[in-house]
Amino acid sequence: MPRQVDYDSRRRRIVAAAFTLVSEQGLEGMTMRDVATRAGVSVGAVQRCFSSKEEMMAAVVEDMNERVSTRVRDRIADSADPDSAATMLKHTLAGIMPHDEPTLAETRAWLAFAAHSAVTPALAVVQRKHYEGLAELIALLLRTAQASGDVRSDADADGEADALIALADGLSMQILTGRLTTDSALATLDRQLTALRAAQ
């Protein structure tokens, strides 16, 4: 058991080091040697945890996905109406957008991985699964909100889910480049969500 715990701890440390390097320097900075140095382990230790750079990249993306999911769950739990589908929808979309330095680092890393997935099939699979799961969740929340009368009954849940995810991704880029502030980006998101609301 101690050996397994040590392996898991080392793997988490390596993933954290790889994420930090990508967020700071892009994928060029995520060499096995540099990751090992940042994690405080040997190159051999990195290679025992990950057989290739692509496998390590996939692990970092999975870790980022889990981090975002945890943040979204926390935001929903702390909201005034955590059981409302409309609340869940808003906080799910807002939670994937950057709002402080740690989430800006996530967005920088995410964009680096997204670009690389275009030429790395294994990484593209991880990214695609994330987006498919997110689209299913957003569509489910929209349908639930339609059933409760919070979203227009004529809205196409699947189509609107894709549009909202694309909007959140685009707004994240605008925040990252400094064209929009977090507040102005969230206001844009709110306007789109307001347009989906059912007439009261």
Side-chain angles (χ1 to χ4, degrees), residues 7-27 29-30 35 38-39 46 49-79 82 85 87-142 144 157-158 160-176 182 185-186 189:
Y7 173 84
D8 291 343
S9 175
R10 179 177 299 166
R11 183 182 171 91
R12 287 193 297 272
R13 194 160 69 246
I14 291 169
V15 167
F19 162 76
T20 300
L21 285 168
V22 173
S23 69
E24 291 176 351
Q25 304 173 27
L27 287 175
M30 203 187 85
V35 169
R38 182 65 66 99
V46 174
C49 289
F50 301 101
S51 60
S52 66
K53 184 176 179 179
E54 287 71 25
E55 183 183 343
M56 184 164 56
M57 286 191 291
V60 175
V61 171
E62 292 283 13
D63 180 69
M64 289 168 56
N65 289 342
E66 182 55 37
R67 206 180 313 173
V68 172
S69 296
T70 298
R71 182 167 64 247
V72 167
R73 287 194 297 268
D74 289 345
R75 288 170 69 107
I76 292 171
D78 291 340
S79 67
T87 296
M88 294 181 192
L89 178 63
K90 176 179 178 178
H91 285 294
T92 297
L93 291 164
I96 64 178
M97 292 163 53
H99 59 273
D100 56 16
E101 184 49 45
T103 52
L104 282 169
E106 288 178 2
T107 302
R108 288 194 295 268
W110 182 262
L111 288 172
F113 286 128
H116 197 65
S117 68
V119 293
T120 308
L123 189 57
V125 169
V126 176
Q127 296 272 42
R128 189 165 58 250
K129 284 183 177 178
H130 163 74
Y131 275 117
E132 288 171 352
L134 181 59
E136 289 175 3
L137 173 60
I138 297 298
L140 174 62
L141 291 173
L142 284 167
T144 304
D158 292 323
E160 293 294 349
D162 288 338
L164 287 169
I165 292 169
L167 175 63
D169 276 353
L171 291 173
S172 295
M173 173 67 83
Q174 298 296 311
I175 294 170
L176 192 62
T182 298
L186 288 174
L189 176 62

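Just so you know, residue 1 is the first one in the sequence shown, and it goes up from there.
The side-chain heavy atoms of Val68 and Asn65, taken from C-beta on, include no pair separated by under 4.5 Å. For the pair Leu27 and Met57, the minimum side-chain heavy-atom distance is below 4.5 Å. A heavy-atom distance below 4.5 Å is not found between the side chains of Asp63 and Phe19. Counting only heavy atoms from C-beta outward, the side chains of Leu123 and His116 approach each other to under 4.5 Å. Met97 places none of its side-chain heavy atoms less than 4.5 Å from the side chain of Thr182.
In this structure, OG in Ser52 is found 9.5 Å from CZ in Phe50, a value given to the nearest 0.5 Å. Considering CD of Gln25 and CE of Met30, their distance stands at 11.5 Å, rounded to 0.5 Å. Here Leu142 contributes atom CG and Leu89 contributes atom CG; the two are 5.0 Å apart, rounded to the nearest 0.5 Å. Put simply, CG on Leu140 and OG1 on Thr92 are 10.5 Å apart, with the number rounded to the nearest 0.5 Å.
Taking both residues in full, the closest heavy atoms of Ala58 and Val126 are given as CB-CG2, 3.9 Å, listed atom of the first, atom of the second, then distance. The two residues Val22 and Ala112 come nearest to each other via the heavy atoms CG1-CB, 3.9 Å. When every heavy atom of Trp110 is checked against every heavy atom of Met64, the shortest pair comes out as N-CE, 3.6 Å. Of all heavy-atom pairs spanning Ala18 and Val60, the tightest one is CB-CG2, 3.7 Å. Closest approach of Leu141 to Ala85, counting heavy atoms only: O-CB, 3.7 Å. In this structure, Pro82 and Met88 approach most closely via the heavy-atom pair O-CE, 3.2 Å.
Legend: residues meeting salt bridge (charged side-chain N to carboxylate O under 4.0 Å, His left out) with Asp158, ordered by chain and number and at least two apart, are Arg143. Applying the salt bridge (charged side-chain N to carboxylate O under 4.0 Å, His left out) criterion to Arg13, with sequence neighbours excluded, gives no partner residue.
Proximity of a side-chain donor or acceptor of Arg11 to a complementary backbone N or O of Cys49 within less than 3.5 Å is detected.
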**Report entry** side-chain contact (heavy atoms from CB on, under 4.5 Å) between Thr103 and Glu106, intermediate numbers included
**Finding:** CA-CA 5 Å; Thr103 52; Glu106 288 178 2; 4.2 Å; yes
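No side-chain donor-acceptor contact under 3.5 Å links Thr70 and Arg67.
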Which side-chain N or O atoms in residues 160-175 pair as donor and acceptor under 3.5 Å with protein atoms at least two apart or in another chain?
residue, atom, partner, partner atom, Å
Asp169, OD2, Tyr131, OH, 2.7
Ser172, OG, Ala168, O, 2.9
Gln174, OE1, Arg179, NH1, 3.2

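For Lys129 and Glu136, the salt-bridge test fails: no basic side-chain N is under 4.0 Å from an acidic carboxylate O.
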